[in-house]
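Just so you know, these numbers come straight off a predicted model, no measurement behind them. Order of listing sets the numbers, starting from 1, for every ligand and every atom in it.
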Amino acid sequence: MNTKVSTTLNKQWWHDAVVYQIYPRSFCDANGDGIGDLAGIIGKLDYLQKLGINLIWLSPVYKSPMDDNGYDIADYQDIAAEFGTLAEIERLIAEAAKRDIRILMDLVVNHTSDEHPWFLAAKSSPNTPYRDYYIWRKPQADGSPPDDQRSFFGGSAWEFDEASGEYFFHLFSKRQPDLNWENPAVQQEVHQMMNWWLDKGIGGFRMDVIDLIGKQVDDKILTNGPRLHPLLQEMHRASFGPRNVLTVGETWSATPQIARMYSDPAREELSMVFQFEHVTQTWDPEHGKWKPRPFDLVEFKRIIAKWQTELADSGWNSLFWNNHDLPRAVSKYGDPGRFRVESAKMLATALHCLKGTPYIYQGEEIGMTNVRFDSIDDYQDIESLNFYRERTAAGVPHADMMEGIYANGRDNARTPMQWDDSFNAGFSDGTPWLKLNPNYRQVNAEAALADPDSIFFHYQRLISLRKESEVMVYGDYQQLLEEHPQVFAYQRRLGEQRLLVLNNFSAQPVELDLPTELTGIEGQGLIGNYSLRHRLDERVSLAPYESFVMAFSLTSSPT
Ligand code: TEU
Ligand code: CA
């Protein structure tokens, strides 16, 4: 059995890196106004250094009226007052660098805020050059919108502008007008702005809904438009290409073939993309995330195997369970109750031993869970509130919509970070902008740091393993037990080196018959959420949510 060594891939500094995502509004509030801020993040850098992460993806902190919590930017080169100042972000970049941590800025250029000077100028008169920075169309004869395209946040994607008698296009809220990327002036503005941030020594960019910038609105082509990849290649050339930084694109529409186009270094586009196929498998095809479907492990394994193998020799995968738009991992894929710790550790191992760059979302490293606020009035997320209104008005019962929000609403990810069991979980001395998850007395960072066997130290171990183990970074992926309904098992292979990774995704114990070539193998247990395994017998029994990794090499182990 000869395995191709994949070291043909040019090694990149970020190949063995782990990224930690911060949602500033909910991370740590240093001045007691109930809103997290840059000073709060700087105060927690030692905590992140202890965890061992190498990059921070910082969700937007730019000047913004916060219609979509900062994903609606009014000034790309200034900081929102509630988050801090330019001096503070420069201090964050410097203080992080002292701890070998680099900052990824969030690049939100599919749209701006309707308070951005470009849009204010564009609205001021049809003849200003800024008019063509956005997408304007005349109404239909009856005054109705140009067509029936919908916003991802509900309602029409067209908003009428009284002054000019025209409609402007917005795929998200009506206060997030889409930029016209056909316009070279828009491209240059964005490239200049990116270089301005790169000159500050950032580690790269996370690119918001970047698969939309090549849209052809009149042909209703939104994702993967014909100009998308040429625009990214131009962006690469004009800004980050020569800087050896990490770039990750958010691409809900990506397939493995398209992901290779983005992340094949020879194409000079991006380092990697976020694909969401493992997420949307739990969404109803018609009603989307508001009608959750149960998680199907066999389907999940099929999706992961596809992405691991199809990007094996060209391109690079990103690895994540959750982010600021998605429900908490342990609630969605594990058990937030009796087996919260075991299942959180299992999910971490199952993900971090795959090939690609892992992303940890704030609070995941302590096993934070989803929340169930009593009233819709407790929710802040524009997407959840828009769809609650739209769907209940269309007859969907309140209880059904609330179940949709409990399962997949974005505020699940946005409850304040739980630092300790004191007032407001140590997040703020003021009134938090969003209520806390009431389980913070049990689930918090202080308790995790006080327990050497906590989820925090499990993540710390996985992150350091990635630095020590070449097979974990470059080994190819071999799926095992494809059809097993409870167990996610796979091998990583690099030359003679092997990693065997076994994960029980259920609360029931499991007895397993491993493939013959794996039985009786001796190796070294690297990590386990119950115990380390150094030898594999004929039958392997796994406890509820048990997970372990064993390293072995073909030469050393008796077969
Ligand atoms: O998200 C894109 C997006 O489509 C999600 O917002 C949406 O919620 C989807 O249903 C996933 O749950 C990006 C940002 O991550 C998100 O926070 C912004 O709201 C959005 O773009 C607009 O900038
Ligand atoms: Ca604050």
Side-chain angles (χ1 to χ4, degrees), residues 21 23-43 57-62 64 66-73 79-85 88 106-113 150-154 157 170-179 206-213 222-223 248-254 273-277 279-280 282-284 287-290 292 320 322-327 332 359 361 380-387 404-405 407-414 416-417 424 427-434:
Q21 182 195 358
Y23 192 71
R25 208 173 183 79
S26 304
F27 192 65
C28 186
D29 171 22
N31 66 351
D33 64 354
I35 298 174
D37 44 49
L38 291 170
I41 297 172
I42 293 170
W57 156 20
L58 190 59
S59 274
V61 291
Y62 315 95
S64 164
M66 302 297 169
D67 186 55
D68 184 17
N69 288 0
Y71 279 91
D72 50 315
I73 299 171
I79 304 297
E82 61 250 61
F83 290 140
T85 63
E88 273 180 320
D106 209 316
L107 182 77
V108 186
V109 291
N110 170 70
H111 46 269
T112 70
S113 162
R150 310 282 300 165
S151 157
F152 292 123
F153 284 170
H170 63 91
L171 276 175
F172 294 92
S173 89
K174 62 178 183 291
R175 301 202 59 198
Q176 292 168 296
D178 281 43
L179 281 168
R206 175 266 183 187
M207 301 182 177
D208 192 58
V209 285
I210 205 68
D211 58 348
L212 295 174
I213 66 170
L222 299 180
T223 56
V248 52
E250 181 197 28
T251 57
W252 285 78
S253 60
V273 295
F274 292 128
Q275 61 86 15
F276 295 83
E277 215 180 322
V279 170
T280 52
T282 64
W283 294 7
D284 176 85
H287 302 284
K289 64 163 76 177
W290 309 116
F320 66 98
N322 47 188
N323 64 25
H324 64 293
D325 290 334
L326 301 174
K332 184 80 179 174
Y359 291 76
Y361 179 64
Q380 301 274 348
D381 167 34
I382 183 170
E383 183 191 53
S384 302
L385 294 175
N386 280 9
F387 278 103
I405 290 172
N408 288 321
R410 306 192 303 176
D411 281 338
N412 280 310
R414 301 172 181 189
M417 178 67 181
N424 285 343
F427 163 74
S428 169
D429 298 338
T431 306
W433 72 277
L434 181 67

Using the benzene-type ring in the case of Trp, are the ring centres of W283 and F276 under 6.0 Å apart?
no
Just the protein N/O/S atoms under 3.0 Å from the Ca ion (ligand 2), please, no waters.
D29 OD1, N31 OD1, D33 OD1, I35 O, D37 OD2
The criterion is side chain to side chain donor-acceptor pair (under 3.5 Å); which residues satisfy it with Q380, sequence neighbours excluded?
none
Counterpart residues, side chain to side chain donor-acceptor pair (under 3.5 Å), relative to Y71 (two or more places apart)
S59, D106, H324
Hey, mind stepping through T223 and D211 against side chain to side chain donor-acceptor pair (under 3.5 Å) and telling me if it holds?
CA-CA 5 Å; T223 56; D211 58 348; 5.4 Å; no
Does ligand 1 have any N/O pairs with the protein under 3.5 Å, and how far apart?
from     : atom 1 : to   : atom 2 : distance (Å)
ligand 1 : 1 (O)  : E250 : OE2    : 3.0
ligand 1 : 1 (O)  : D325 : OD2    : 3.2
ligand 1 : 6 (O)  : R410 : NH1    : 3.0
ligand 1 : 8 (O)  : E383 : OE1    : 3.3
ligand 1 : 8 (O)  : E383 : OE2    : 2.9
ligand 1 : 8 (O)  : R410 : NH1    : 3.4
ligand 1 : 10 (O) : K289 : NZ     : 3.4
ligand 1 : 10 (O) : E383 : OE2    : 2.9
ligand 1 : 12 (O) : K289 : NZ     : 2.5
ligand 1 : 15 (O) : R206 : NH2    : 3.0
ligand 1 : 15 (O) : E250 : OE2    : 3.4
ligand 1 : 15 (O) : H324 : NE2    : 2.9
ligand 1 : 15 (O) : D325 : OD2    : 2.4
ligand 1 : 17 (O) : H324 : NE2    : 2.9
ligand 1 : 17 (O) : D325 : OD1    : 2.8
ligand 1 : 17 (O) : D325 : OD2    : 3.4
ligand 1 : 17 (O) : R410 : NH1    : 3.4
ligand 1 : 19 (O) : D68  : OD1    : 3.4
ligand 1 : 19 (O) : D68  : OD2    : 2.5
ligand 1 : 19 (O) : R410 : NH1    : 2.9
ligand 1 : 21 (O) : D208 : OD1    : 3.0
ligand 1 : 21 (O) : D208 : OD2    : 3.2
ligand 1 : 23 (O) : H111 : NE2    : 3.0
ligand 1 : 23 (O) : D208 : OD2    : 2.7

Where do D429 and N424 land on the side chain to side chain donor-acceptor pair (under 3.5 Å) test, with the steps shown first?
CA-CA 7 Å; D429 298 338; N424 285 343; over 6 Å; no
Distance, nearest 0.5 Å, that separates NE2 of H111 from CG of D68
6.5 Å
For D29 and N31, work out which heavy atoms get closest and say how close.
OD1-OD1, 2.7 Å
Just say parallel, tilted or perpendicular for the rings of W290 and F387, cut-offs at 30° and 60°.
tilted
Indicate the atoms forming the closest heavy-atom contact of S26 with R414, along with that distance.
OG-O, 2.6 Å
